[in-house]
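Scroll down for the structure; my scribbles are underneath it.
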Amino acid sequence: MPIAIKDLDKVKICIDRGGTFCDVIAMSETKGNHLVKLLSVDPSNYEDAPREGVRRVLEWFTGTQIPRSEPIGLDPIEYLRMGTTVATNALLERKGERCALLITKGFKDGLEIGTQTRPFLFQLAIKKPDVLYSKVVEIDERIALDWPGLKGDPKITDVGELVAGPSGAPMRVLKSIDVQEVRADLQELYEEGYRSIAIVLVHSYLYPDHEKQVEALAKEVGFPHISVSSDLQPMINLVSRGSSATADAYLTPEVRRYLDGFASGFKGGLEDSSCRVSFMQSDGALCDYRAFSGLKAILSGPAGGVVGYARTCFDASDGSPVVGFDMGGTSTDVSRYGGKYEHVFETTTAGVTIQTPQLDINTVAAGGGSILTYRNGLFVVGPESAGAHPGPSCYRKGGPLTVTDANLFLGRLHIDSFPKIFGPTEDQPLDYVIVQQKFEALTERINKENNSSLTAAEVACGFINVANSSMARPIRALTEQRGFATSAHNLASFGGAGAQHACALAALLGMHTVLIHKYSSVLSAYGMALADLAIDLTEPCQVKYSQNTLPSLLERFDRIKARAHDQLVAQGVHEKDIVYECYLNMKYHGSDTKLMIVQPKDGDYSSAFIAQHKREFAFVLDAPIEVEDIRVRGIGLGEDADKHAVSTYVEELNSLAYIPVGKNAHFATNNVYFEEVGKFAPVPLYKLDTLQQGTTIKGPAIILDATQTILIHPQNTARILKEHVYIDVGLGPKKKLSTDIVDPIQLSIFGHRFMGIAEQMGRALQKTAVSLQIKERLDFSCAIFGPDGALVANAPNVPVHLGSMQYAVTFQAELHKGALRPGDILVSNHPKAGGTHLPDITVIQPVFENGEIVFWVASRGHHSDIGGLLGNSMHPDSTENWQEGAAIISCFLVRDGVFNEVEIVDIFMQTGKIDPTVKATRGLDKNLSDLKAQCAACAVGSTQIHTLFEEYGKQVVQHYMAAIRSNAELAVRDFFKGRAGEPLIAEDYMDDGTIIKLRIDIDPEQGSARFDFTGTSCESLTNLNAPVAVTQSALIYSLRTLIGTDMPLNSGVLAPVELIVPPDTILSPSLDAAVSSGNTETSQRVVDTVFKAFEACAASQGCMNTFHSDYLDMSYGETICGGAGAGPTWVGQSAVHVNMTNTRIGDVEVAEKRFPLLVREFSIRRGSGGKGMNSGGDGVHREYELRADMQSSIVGERRVNQPYGMHGGLPGERGATYLVRKSVNGPGFRKVKLRPSAFTKISAGDRMIVHTPGGGGYGALADEEGNSRPAKRAKVNVVPAAMIQHPKLVSRANGSLADYAATQESCD
């Protein structure tokens, strides 16, 4: 008989539909809370998991059986809130709506090219994600920013009708919409069956009128879904905004279909019910189901988890910030909460850029299903995952060893507490025996290779430690890059696997407290009960912030608030429950680093911006502050917000009685291995729901609830609170390590720590630098070196810096041997002293311990202006070293705590006194500021090394420093041992006829090789000469790429290599030689020659196509992508940067805002890749129109010699550069071809067109009759990298850390 319900009592239901499980939590005033966990996909039992969850909840709530075949009544439900992976899955599986893209003429390939970067730096078989649209229509229209007062013919500089958009910024209409033409294009799309379109026009974020015209026409034609980029997120960046619009057009119809299907299972659908149905968005706010869109649904589930821990684990009375640690099966999400949600506005998910507010959640490729491998002498965890099928070894489906298996083997999972659902028949328990056998076999192999005596338990525990170490790195970065101490945070653990690792991870990070909420295993669902409904609106703004402009900004706030108010009320929010957060997106004039500043209590946005800038970046500028965007977040406070917000656990701790756990409180024991104990020992197991409030449990112990296992280490103490398990981590001493042996587990961990130091140095430099080149393009490298100056760890952001910095360090070490003191910092950039080219300035600091140098740290940054020929340090016509700017062989930058500004300024300014054609730097202040930032980076490195010494002792740290080099050496020797045979011989040419010759002799027994460049042409009277350090960097890059697997990048890479570079050649020029383009162009040719010798692949474009323009005191430069070479198992990628560079291209809207030019076209040169069994990638067409009288240059190669094909594949097409200028002696324009590297004066309206080379093809294609079929060829010894499938990009949450990493990898 049904249970009677109070008249007004209704149930509240929250659902998180994840990839594997669907979690449901129901809350009732009379019946309490109820949890349901079911499979997200189980078609043999139910059609839709969330609807099935609702049915089961209502059966519990009403006591009435509800047949699955009948629609469900919503009357007993007060509200239904849901997070779903529908949009994410459609994006991952590419199963969204067929859609078309309408974009400004000239940019049909713009979204396909994207940023031009490759996803993985060391990659032969480059694979970029597919675009979401099926067809592109170009709209012949053009808007440009107004640049008043430009030098040149006013008929050209002032062309176009002057208009203003919503931001007030003056714009020029260069070409209006042709209504009839657009209507015809739209009608044709509709007749072809398209029903969803994305409209993306250049500068629509400032002037949306043209997009609105196209939208109106599309509505007339009858398109049911239209995604307008300026409506979705009116922020600068055509590629990001365009990708977001296509994602919305692709996903939203799919989401709507799902919602229609979901609604069909309820009586009367969802429209007529009093039950409020809402969905969680990526920004952590709810929205009415009718307003739910694909673009805002990507992080629907994870966002609920952030809201959950933010509201339950942050205690405002204490104020300790919290790091969220959500460890699942395939990956782990980390985030931070310090009292306010932290948002990012641009992320990349499944290869698609999403420009919309999202919580700053960062996914790490380490989860319970991460595969454990022993490779190249290192313990490796992930990024590959066993997934649900076959799953871990213990699932009885033949899966590999995983993190879950390691926990099971160590006794940290209780087999009897798991349901018997495993094996082919899904009725068996977890399989301990197979896991034991696999760990014992792996241990035997490891011991044999290392002559060690590890136990299987030590190996399994080692993998756990490596996994924890890999997860600790992004958490350190997430906190420290924002200026917060990691150790000052609490760790909130949730997700199925998190509680097994949380205490060890917290100890590793120096955190003192772990908080685990009682609903932590379903916290994403629970978070939805605590969430608010919100509307986030942004408008562009282009004003300088001042007391004069503030009133107009406040007026715009009021107008945006009114829009937010109307939208919230339309979704059922009461007016009394609405609050607003007002933000200004602010930056310094001349900088692109923006900070979103929430309205301060005193209303002084300027002071708030300066304070936050100083905290995050450690400096402020004497420059005007500008407002880029105005943002209002209207929030409809939920009725549960105050009731559920937990902010009293600190008070509870202080008042709670201390109750020791009873001797018989445990229900079982398990033999568990802890590293701290060094053996298996019986550990009590407790059920959480049997422990009374106040119970204290000292480790070791295991606490279980229905869905998770909480591991309490020996030094931990757990207290049971009303809503939480509170764990005092009890930080103890580190395990003492021996220097007699190399423990492969510790070797893997030290590899993470050494690289972590280099990365933290990089973040410090990026934070404190002021120049665009370093701060925003991240064109720098940081590294640590041993006492001999040999490289230990180099964060791999700039390929040409990979090995070259160590030669700068060893030069200084030898030059100043015995004369250095603690605190000394040196600076150098000269090729003689290990430099690559003069703009790359290296700052070097010795690290002292007890009076001796124990390490070196160094940071190298690209200074965009150091003077040079006509003020350009990379002028195409430079032929002598003195024409390329300030040159420093060695100088004390800091001595006795004093920054040596006088001498440094003198060095920079002396450049302008050498010759009238050579100018000194125009940005001395930026040079000095960036040098100080490089000093700050070195200080961070020094401090971190001393911290390592404190943790482990100097001898241990240096022992593993040497061991990590040996590990890299081992990987290279193993590669050479598999390459026995005749000498490898190759040659390639620069466009001026200079030859680069290479002979490689491999000793397969020793695993060593001689790389001999004898026969290479002599030094060139150009700037294509490359110092030896460049060749060494190119060789390190080539070897790492050919080997194909992850390995340390240090001096050990070249230990098995004898490098012969004859002096006075283009690869070892005299000290007088100009070298600026050797760093960019010749380095590419060296890599092509190495790859040719190994027959690894056809040639890629082999150049960087460096475009540069100067106008008054402004300059603009970028490198341009081309075609990648094909290989035995892949087709060459089109329009991508290759080998020694990976820079991002300037987005058209950003470029045109920074500099008076127009990007008229950016497209792929279809068919320019060499034909073959596998064809080479295509180059691109990039066309600039210069809007004022100025000077421009191009530095390029492969304009004469084509990129070679391999094994019968045809070469790629040559590149070319053209100048289109007005004819002097008649009407019209002349199109003239420029030299491969050329400098020219430009008149307003002139155009420079750059055609970049295609990549070579691989394998012959046609027979005598012309039929396409592969031709027979001799067997090729394929390099390992050609057979490796690169892991898919982590798909889910790529917040601020991923943005940093992506930018870091995109530097040349």
Donor-acceptor contact below 3.5 Å, side chain [X] vs main chain [Y]:
| X | Y | result |
| --- | --- | --- |
| N670 | G411 | yes |
| S520 | H517 | yes |
| T455 | E458 | yes |
| D405 | T402 | yes |
| R118 | A125 | no |
| N716 | V729 | yes |

Using a strict 4.0 Å threshold on nitrogen-to-oxygen distance, state whether K420 and D427 make a salt bridge.
no
E449 with R445: basic N within carboxylate O range, under 4.0 Å:
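Result for this pair is yes, salt bridge flagged.
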Heavy-atom check, side chain of [X] versus side chain of [Y], under 4.5 Å:
| X | Y | value |
| --- | --- | --- |
| L948 | I757 | yes |
| M327 | L505 | no |
| M511 | V323 | yes |
| F667 | L685 | yes |
| R412 | Q500 | no |
| F409 | I464 | no |
| L509 | R476 | yes |
| I702 | L711 | yes |

Which distance, rounded to the nearest 0.5 Å, do you find between the [atom1] of [X] and the [atom2] of [Y]?
| X | Y | atom1 | atom2 | value |
| --- | --- | --- | --- | --- |
| L430 | H414 | CG | NE2 | 11.0 Å |
| L442 | L401 | CG | CG | 6.5 Å |
| D974 | I1043 | CG | CD1 | 8.5 Å |
| D705 | S521 | CG | OG | 5.0 Å |
| T513 | H489 | OG1 | NE2 | 12.5 Å |
| N794 | S1051 | CG | OG | 11.0 Å |

So does [X] have more than 12 non-hydrogen atoms from other groups sitting under 6.0 Å from [atom1]?
| X | atom1 | value |
| --- | --- | --- |
| E444 | CD | no |
| K37 | NZ | yes |
| K698 | NZ | no |

Given F439 and L372, is the side-chain contact (heavy atoms from CB on, under 4.5 Å) satisfied, shown in steps?
CA-CA 10 Å; F439 269 116; L372 311 180; 3.9 Å; yes
Looking at every heavy atom in both [X] and [Y], which two are closest together, and how far apart are they?
| X | Y | result |
| --- | --- | --- |
| A499 | Q708 | CB-OE1, 3.7 Å |
| A758 | A783 | CB-CA, 4.4 Å |
| V514 | A506 | CG2-CB, 3.7 Å |
| A467 | S470 | O-OG, 2.7 Å |
| V381 | S370 | CG1-CB, 3.9 Å |
| N447 | S452 | OD1-OG, 2.7 Å |

side-chain contact (heavy atoms from CB on, under 4.5 Å) between V683 and F674, intermediate numbers included:
CA-CA 10 Å; V683 167; F674 287 102; 4.0 Å; yes
Compute whether any side-chain donor of one residue and acceptor of the other, for S335 and Y309, lie under 3.5 angstrom apart.
yes
Under 3.5 Å, is there a donor-acceptor pair linking the side chains of N468 and H501?
yes
Output, in order, the C-alpha distance, side-chain angles, deciding distance and verdict of side chain to side chain donor-acceptor pair (under 3.5 Å) for T404 and N407.
CA-CA 5 Å; T404 295; N407 279 313; 5.8 Å; no
Between F754 and N1050, does a side-chain contact (heavy atoms from CB on, under 4.5 Å) hold up when you go through it step by step?
CA-CA 11 Å; F754 289 142; N1050 55 47; over 6 Å; no
Apply the test ring-ring contact (aromatic ring centres under 6.0 Å, His included) to residues Y960 and Y952: give CA-CA distance (whole Å), side-chain angles for both, the deciding distance (0.1 Å), then the verdict.
CA-CA 11 Å; Y960 280 97; Y952 296 101; 8.3 Å; no
When the aromatic ring centroids of F494 and F325 are compared, is their separation below 6.0 Å?
no
Hey, mind stepping through L747 and I964 against side-chain contact (heavy atoms from CB on, under 4.5 Å) and telling me if it holds?
CA-CA 7 Å; L747 183 64; I964 205 75; 3.7 Å; yes
